[in-house]
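After the C-alpha cells below, expect a handful of questions from me.
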Amino acid sequence: MPKSRTKSRSKSQVNPTSEPETSRLKGWKQISAFLGEPASVAQRWASTGMPVHREGRSVTVTPAEINDWLGKQTGKPVHVVTDETDLTSELKRGLSFLRKRES
C-alpha cells in the first residue's frame with residue numbers, strides 16, 4: 001500500500017493572509033456562547049442590527065465586529081473577554097477612555 005504524499009496543513013499554512021480559524025464565529029451556537037446569551041437573543045440582536053454575514057443557511061461574524069457593534073449600542077467601548085484576551089491591555093484601554101471622558 002503506497003504512502004500518501006499529502007501532508008496535513010492548517011488553514012493558516014494554506015493561505016497565510018486569511019484570518020485564523022478561531023477569529024470567526026460560525027453559527028448561532030458559537031455566537032451566543034461568545035456573547036454569553038442564548039441563541040434566541042443573538043438571533044434577535046441580529047434582526048435589529050447586530051452584524052452577521054449570511055453564507056447560505058449559516059451565519060458568521062468576527063469578535064471584533066460584535067465588540068464594535070456593542071460599543072456603538074452602549075456609547076461606551078465594549079469588549080467581550082475571551083480566554084485569548086490580554087486583560088492588561090483592556091484595563092489600560094478602559095482607563096484611557098475614562099481619563100479622556102473626565103477631561
Side-chain angles (χ1 to χ4, degrees):
M1 198 161 154
K3 290 184 179 179
S4 173
R5 291 186 177 186
T6 60
K7 292 182 181 178
S8 175
R9 293 183 182 168
S10 70
K11 294 227 181 232
S12 61
Q13 289 174 328
V14 174
N15 188 358
T17 60
S18 68
E19 292 182 355
E21 189 70 24
T22 58
S23 71
R24 198 161 256 314
L25 303 170
K26 296 180 180 178
W28 294 117
K29 187 175 181 178
Q30 285 184 359
I31 294 169
S32 64
F34 179 79
L35 291 168
E37 297 287 346
S40 60
V41 172
Q43 291 169 347
R44 184 175 68 240
W45 288 355
S47 71
T48 61
M50 183 178 73
V52 293
H53 307 281
R54 300 198 184 274
E55 298 173 1
R57 292 174 38 185
S58 64
V59 293
T60 63
V61 66
T62 64
E65 290 171 321
I66 290 177
N67 289 331
D68 290 345
W69 178 78
L70 287 170
K72 290 175 185 173
Q73 295 300 305
T74 63
K76 300 175 184 174
V78 174
H79 184 85
V80 177
V81 177
T82 63
D83 291 338
E84 294 83 28
T85 302
D86 179 5
L87 295 177
T88 303
S89 67
E90 288 305 312
L91 178 60
K92 289 178 183 177
R93 185 175 68 93
L95 291 173
S96 174
F97 172 77
L98 291 174
R99 286 182 187 128
K100 289 177 186 176
R101 190 171 159 196
E102 289 177 356
S103 18

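What you are looking at is a predicted structure, and each value in this text was computed from that prediction instead of being measured.
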Residues that Glu65 engages under side-chain hydrogen bond (donor to acceptor under 3.5 Å, both in side chains), provided they are two or more places apart: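 Here the qualifying residues are His53, Thr62.
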Using a 4.5 Å cut-off on heavy atoms from C-beta on, say whether the side chain of Leu25 contacts that of Ile66.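 They are in side-chain contact.
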Give, for atom CE of Met50 and atom CG of Leu70, the distance between the pair rounded to the nearest 0.5 Å.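 Answer rounded to 0.5 Å: 8.0 Å.
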Spacing of OG1 belonging to Thr60 relative to NZ belonging to Lys26, to within rounding of 0.5 Å: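 One finds 8.0 Å between OG1 of Thr60 and NZ of Lys26.
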Return a table of donor-acceptor pairs under 3.5 angstrom between the side chains of residues 34-46 and protein atoms on other chains or two or more places apart.
none

With Arg57, which residues qualify under side chain to side chain contact (heavy atoms under 4.5 Å, CB included), at least two apart?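 Residues passing side chain to side chain contact (heavy atoms under 4.5 Å, CB included) with Arg57: none at all.
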Counterpart residues, side chain to side chain contact (heavy atoms under 4.5 Å, CB included), relative to Ser58 (two or more places apart):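 In terms of side chain to side chain contact (heavy atoms under 4.5 Å, CB included), with neighbours along the sequence ignored, Ser58 is linked to Glu55.
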